Structures are given as structure tokens and as C-alpha cells.
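In what follows, every chain begins at residue 1, and chains take the letters A, B, ... in the order their sequences are listed. Bear in mind the structure is a predicted one, so any value in this text is a computation, not a measurement.
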Amino acid sequence: METSTLLERLNDAQRRAVSAAADQHLLVLAGAGSGKTRVLTHRMAWLCQQHHLSPYSLLAVTFTNKAAAEMRSRLGELLQMPVSGLWVGTFHGLAHRLLRLHWQEAGLPQNFQIIDSDDQLRLAKRIVKELGLDDKRWPPKQAVWFINARKEEGRRAAHLEAHGNPIEQGWIRIYLAYEAACQRGGQVDFAELLLRVVELLRDNDSLREHYQNRFSHLLVDEFQDSNELQYAWLRLLTGEHGTLFAVGDDDQSIYGWRGAKVANLLNFEQDLKGSEVIRLEQNYRSTALILKAANALISNNDNRLGKELWTAGEEGEPLTLYTAYDERDEARFVCQQVQNWVDNGGRRDEMAVLYRSNAQSRIFEEALISAVIPYRVYGGLRFFERAEIKDSLAYLRLLNNPHDDISFERAVNHPPRGIGVRTVEQIRLQAQQGQVSLWEATEQLLAAKTLKGRAASALAGFLTLMEQINTHCNGLDLGAQVEQVVEGSGLKIHFEKDRSDKGRARVENLQELVGAAGSFQGDAHAEMSPLDAFLAHAALEAGETQGGEWEDCLQLMTLHSAKGLEFPVVFMVGIEEGLFPHQRTLEEPKQLEEERRLCYVGITRARQQLYLCHAENRRLYGRELYPQPSRFLEELPAECLQELRPRLNVRRPVYRSAASNQAAAPTPRGRGQGVGKRVRHSKFGEGVVTDTEGQGDHARVQVNFATAGSKWLVLSYAKLEYL
DNA sequence: ATCGTCATAATTTTT
DNA sequence: TTATGACGAT
């Protein structure tokens, strides 16, 4: 491809980023919808074509498999070459690849396996128990959090100091035992993948120099989401002579709560000498009014590098603000708008409902089912996380390495074969005493005839079964091996007994697993057996949330999972104080700012139409709430908004376009006028009118007071002040 | 081993 | 409200 064509379809800022000097560190502040993937891939192509660099001297890293796949395919188009061996992937995927190449130097067994968060939690549970610690004081979930957080700081258990704090001491003991268990079983968790590589590069001079020389250019996507460890990784690879090209957006940093350090981005200029910052502010996605709202909202945050999105496109329709009576009314409203869009020739999959927390999806699902609108909910268990799949994988891993205790525990009684917790506990004890694996402990117990009849024969049966499967698998290809496991383990027969939908789905999933293994094409790099490659693939790419065809479905997801996506029509729902911003973020200004960025992310998902909804009345955790509209709504310029149903308690002037009058206001069902009004009573304080009855002097209103609860009051006596 | 009962807690999630 | 986990009973 000619150079000219590479720069041709870029705007000025994009072109400056792509064609910057080859040794220039760059931070590209890429606003939402400003074409960052395009800049990233074009930069890579530019370096190859203009500076005659080999594509193999570039390393490009992202966070998700999806983003990595996107980058690969677009790069392939630009370079017109197969892209399979290139160093383009996720942090974890690339770290894994390095560890497979240098397992020895990294102190790992060659057949090391990746464990996912579910395995990790199981292991933590076992360890807390084995150490005899109280799981009330040291909940395994928190132990996992502790371990991961320390690893992300680059700290090993041996480096930690309890400072006489017994709780801390407990965490450290757990971490220590956890490390030992993983090392013994050849297991590596997600954080460990990164930490091992950082340690490897840090401590092994020749290896570090090798890779620093090899990768002249490092490129990162979604830089604002990187954590300490990931940043250390990048800096080690960059070294003195490498060049870092980071793309990110501080305004879209929404993962601070899980360790992402925006500081990595904010300090870029200081950290990398002679670096430059380029802003991509032209937006190719949304209408001008949507961008205006987004800009106004985010300007309420401090500590940002600053950026203002603009478009050469149309002004577009105003944002629609809908004040629902309650959460069911909110859902009904969305259904109605979806129906309208479809009736006018639109597709359902052009629309998305975005909410703050997963619990909100239920009410929408109910409404959508009764309105017969097909929908798809994001989130939930992915393919390789399903129990029946994890069971099958446990057998495969155990065949690979009998000393894999995590897999042993899982496989030994799945499907149930009469090996109960009692028996397993005995095995654990034996293993602990002899410092051997569960498999060895089982052999010892059987040889010593310590176990009684039933348990002993069941266990012996299990060992024989594993040997049988092993023999049968010999020489088979991957697909046939997996089939052998699914059948031989008894898992298939076990789930076939379950005649319910759930059981049938599980059997189908097992079938699909066999199919997936059969057609699996592992990457040719890093000499791994097909089975190892498949197991790594299963751990690193958990697969789709839901299999099957999802044609033309309304999309339901959290605001977090919407990042990176776009839709012609977006509904943001539940925009209320306490829900969004969430209750738990109200105290810390930092957290509140992250909520605001989340709102910014939501707004900027919309291409043409954005609906903002909130309810006056919401049932949450079995309690009736009367939430205030979110502060974020008030931060939007009035001239961007139209209220579809003018609220009775207008708290500020709201610009109303001609369009707002055409839509009929849905009436709160069968309730009197005034319902929803906010009132103040001299004695009971503030509340909301929830019902009315009667006329004239006898008229009564039901008011739910914030502090005094719900009361019926006679209007002519109560002297209510309307707010 | 499976089922029922009780307590408890209840953002956000990728690898 | 509801979902999950722990615990005890069949």
C-alpha cells in the first residue's frame, strides 16, 4: 500500500499521530468515537511501510480478546499479510506466550496451566480451611482479592510484613500457602501471568535486553485501564530505546475500582522523556447535541487532561428525558419506544438498554417478554465457565498432570460416584501430611488400606477410570480425546439423566465442547501440545456469554459492558440518586467522578437518539424508594433535552422543543393528579405524594415521608408546601 | 447426596 | 425482593 493512501482518510490530528517521528513517545488522548483503533492500526502500518520495520518488531497490546481480534483483522487488511504470528494480543495472552517460551527461566513446569477466578476461589477456600483459619474473619473471597491486589502491586507473600496485625498476618499466611499450592500444582492465575513476566524481564538481563531489542515499538490500547503491573510490563519492554505509543481516554476510566491506574496516563508526559500528547476530539459517532451533553457533563470533573468532542455532522434530535412513575413504567416506556423504532423500519439490535447494575435487567426482561420483543442480556456465565464444561476440562487437565489438585478435587466426584466430603477430607489430610498431591495421597491411602470398603472401592474405581481414559486417548486427535473424556468420565450420561431444559442444555454444551476441540486451531507459536493450547485457550478466552444466534435482538447490558460499543438508539435507565450515582460512591469524590465518567461513557454510546429515564418510585430490595433524579441529569444543558412527559414538580426550567408536545404523556395508571409531587410538612418533613382520594375539603393525599413513613393527610388541614 | 430452611447481603468485570 | 451460601435432616 502506498504511504499516501495510509494517511489519506485521516483527519489532521489522526494524521499527526500516525506519522509522528518513529522514536517519538506518544500519548493519544482519544475521545469516544474518535477513531482510535484506526489510528493504532495505521500507526503500525506506517512504521512498517515508512520506516521499514518488520511487523514482528512491534508489540501491540489490548485488554480484551475482542479488541485484540479487531486490531489483528484491521492490521491484516492494512498490511496485506497474514497476521497470525504477530505480537498483537491481550496483556494476558502475550504474557502467556512469553511464559510458554521461557517457562524454565520463569521457574514454571513446562505443562503449567492457567486457572480462572473460579478455580482461584476454590483453591483459596481450601487453603483457608487447611490453615485452620476462621472463614468469617478471613473470607476466601477477600483472600482472593488480597492476593490479586498484592500481585498487581508486584508484591510476593515473602515481601509482606504484618506489623503485628493478626488479620494481616492471616492474609499473608494464606497468600504464602496459595503460592506454594500453585507452584506445586503448576498453576498460574491471571495476575500471576503478568507478575511472572515482569519478574522474568526484571531479573533476567539477557532476556530483557533481547526483548527490548526485538520490540522497537510498543503500542497500548485503553491505556487508562492499565494497572500497576501492566504498566511495569510495558516499561520493562520499552527500556531505554523503545518507543511507547499509548492510546487512551482519561474521561473513560471506569475501572479504578479494580486496580486500573489513570495515573499511568496522567503521568505519561513526565514518565517518558520527550513525549507528546495528541488529542483526537473529532467524533464520528454521535450527533452534536449528544456530544454537547457529554461535554457538559464531564466538565464537572476535576483532574482531567481536558478534551472537547465535536462533530462535523448534524445537530440531531434533543435527548429525551422520561420521568417514569415507577420502574415498571420505565420498562413499559422503553418497550414502547422500541416498538416505535421497529414499526418505522428500524432494527431491534440497533438499540441498547444500559443500566448501572445487573439487578435492573429483570424488570426489563419481564416487560420485554410480555411485549414479545426479542432481547439479549450481556453478562453471566460464558461458555468455558459453565459447570459441565469446567468438569470436562478438569478431567483433561488431570490427564495432563495428575498432580493438579484443583482439577482432582473437581473431577473426583463429578459426576457423583460415592466419594463424599469425608473421603476427600481424608485424602487432603494425607496429602498435607506427606506434602504430596491429592493423586499421590489417594494412591498411598489405597496402598495402606486405610480406607474402608465403599470409599476405597469408589476411589480405586476413579483411579482406574482415569487410567482407562488415558489409554483410550492415546494417539487420538484433540476432538476425539475430548469426546473420550466426556463419555468416559460419565459426565454425558449423568447430564442426560436430567430431562429438564437445563439438563438438555448441558448435554448440548458438552457436544459443543467436543466440536470446539475438534475444530480448534491453536496458534503455531510456542511449542505446546494441542491439548495444552486448547486448555490455555479455554482459560484465556472464556467464550461468548450466550451461544446461538442472536439476530435482531434488543441489547441489554450494564454501562460498564457497554464501553467500546455504539448503538443508533440508547436508553439509559435508572438515572437516580443512589442508583446512579450508586449509593456506595457518594462519599468519596473520586468515586463520584468515576460514576460521572461512567455516565459519560453511556451518553457517548449513542449515535442518533438518547433516552434518559428515571423513576419517581422504585422498588429496590423489597423497599419502596422515592429517589431524586440523578445529579447527572441536572448537569446536562437544558437546551439539549426534551421532556417527553413534563414533570409535575419542575425543579428548574427545562427547554421544550416543539417535538415534546406531540407525544402523549402516559398517565400514571388510575392515580389522581398530584401523585409524584414532592411536598413538605411542618412536622413530618419532606415526602412524595403517592396517592389521592376525594374532592374539595375532604380530599386526602397519601404522602410517603422520608423519615416519618407513609401517611394519609387531609389536604385542607395538612398545610402542605409543594416543592 | 439431595432437599429444604434460615440467615445474609445486595455495584461495576476482564483475563 | 432475591439469590446465595451454610447447615441440618431425609
Side-chain angles (χ1 to χ4, degrees), chain A residues 61-68 89-96 114-121 125 129 135-136 139-141 144-145 148 151-152 188-195 197 221-222 225-227 229-230 253-260 327 354-363 366 378-382 384-385 413-424 454 458 494 498 536-543 545 557-564 574 578-586 588 591-592 594-595 597-599 601-602 618-625:
Chain A
V61 63
T62 64
F63 283 83
T64 66
N65 290 302
K66 198 175 162 197
T90 63
F91 277 103
H92 298 270
L94 296 177
H96 174 242
I114 303 167
I115 58 173
D116 67 12
S117 16
D118 180 59
D119 298 324
Q120 197 183 21
L121 181 61
K125 277 184 183 161
K129 205 172 209 172
D135 61 3
K136 295 277 177 339
K141 277 210 177 104
V144 166
W145 177 85
N148 290 338
K151 285 188 178 183
E152 281 173 12
V188 172
D189 63 39
F190 291 130
E192 185 76 24
L193 283 170
L194 302 178
L195 182 52
V197 168
D221 191 15
E222 303 279 16
D225 288 338
S226 59
N227 64 31
L229 202 49
Q230 288 158 337
S253 159
I254 57 174
Y255 287 115
W257 53 273
R258 67 173 197 207
E327 73 277 0
L354 310 183
Y355 35 78
R356 175 66 235 263
S357 70
N358 288 306
Q360 288 168 260
S361 75
R362 226 200 59 211
I363 201 83
E366 286 169 5
Y378 279 62
L381 280 191
R382 272 111 34 107
F384 286 109
E385 291 166 350
N413 205 30
H414 284 246
R417 48 173 71 90
I419 301 168
V421 276
R422 265 312 272 123
T423 314
V424 175
R454 250 209 321 269
H494 172 71
D498 183 351
H537 168 80
L540 289 174
E541 303 197 34
T545 299
M557 67 189 83
T558 61
L559 285 153
H560 281 92
S561 37
K563 199 176 82 156
L579 197 58
F580 188 35
H582 194 274
Q583 197 68 43
R584 297 201 164 180
T585 63
L586 295 178
E588 278 286 321
Q591 290 190 43
L592 187 72
E594 185 154 306
E595 293 286 288
R597 293 193 291 269
L598 190 56
C599 188
V601 166
R618 183 176 296 272
R619 185 170 271 271
L620 195 66
Y621 306 141
R623 228 155 246 286
E624 202 82 13
L625 299 177

Q: Quickly work out the Phe190(A) CZ to dT15(B) P distance and round it to whole Å.
A: 8 Å
Q: Using only side-chain N and O atoms of Thr558(A), determine if any of them is under 4.0 Å from OP1 or OP2 of dT13(B).
A: yes
(Q) In this structure, how many angstroms lie between the P atom of dT13(B) and the CG atom of Leu121(A), rounded? (A) 18 Å
Q | Spacing between Ile363(A) atom CD1 and dT2(C) atom C1', to the nearest angstrom | A | 13 Å
Q) Would you call Arg258(A) and Asp225(A) a salt bridge, using N to O less than 4.0 angstrom? A) no
Q: Give one of base, sugar-phosphate or nothing for Ser117(A), where a contact means two heavy atoms less than 4.0 Å apart.
A: base
Q. What do you reckon, are the aromatic ring centroids of Phe63(A) and His92(A) less than 6.0 Å apart?
A. no
Q. Rounded to whole angstrom units, what separation is found between the OH atom of Tyr378(A) and the P atom of dT12(B)?
A. 18 Å
Q) Which part of the nucleic acid, if any, lies within contact of Tyr255(A), taking any heavy atom under 4.0 Å across all strands shown: a base, the sugar-phosphate backbone alone, or nothing? A) sugar-phosphate
(Q) By a 5.5 angstrom centroid cut-off and a 30 degree plane limit, is there stacking between His92(A) and dT15(B)? (A) no
Q. Looking at dT15(B), dT2(C), dT11(B), which one has an atom nearest to any side-chain atom of Arg362(A)?
A. dT2(C)
Q. Atom NE2 of His494(A) and atom P of dT2(B): how far apart are they, to the nearest Å?
A. 7 Å
(Q) At 4.0 Å (heavy atoms only), tell me whether Asn358(A) reaches a base, stays on the sugar-phosphate, or touches nothing. (A) sugar-phosphate
Q) Can you check whether Asn227(A) has a side-chain N or O nearer than 4.0 Å to OP1 or OP2 of dT15(B)? A) no
Q: Pick base, sugar-phosphate or nothing for Glu222(A), based on heavy-atom distances below 4.0 Å to the nucleic acid.
A: nothing
Q: Using a 4.0 Å heavy-atom cut-off across all strands, classify Asp189(A) as base, sugar-phosphate, or nothing.
A: nothing
(Q) If you only use heavy atoms from C-beta on, which nucleotide in dA3(C), dT13(B), dT2(B) is closest to the side chain of Arg258(A)? (A) dT13(B)
Q. In terms of side-chain heavy atoms of Pro416(A), which of dT13(B), dA1(B), dT11(B) is nearest?
A. dA1(B)
(Q) Suppose we call a contact any N or O donor and acceptor under 3.5 Å apart; does that hold for the side chain of Arg619(A) and the base of dT1(C)? (A) no
**Q.** Candidate nucleotides dT11(B), dA1(B), dT12(B), ranked by approach to the side chain of Asn413(A) - the nearest
**A.** dA1(B)
Q: Kindly confirm whether the side-chain ring of Tyr621(A) is stacked on the base of dT1(C), judged by centres under 5.5 Å and planes under 30°.
A: no
Q: Could you tell me whether Arg619(A) and Glu624(A) have a side-chain N and a carboxylate O separated by less than 4.0 Å?
A: yes
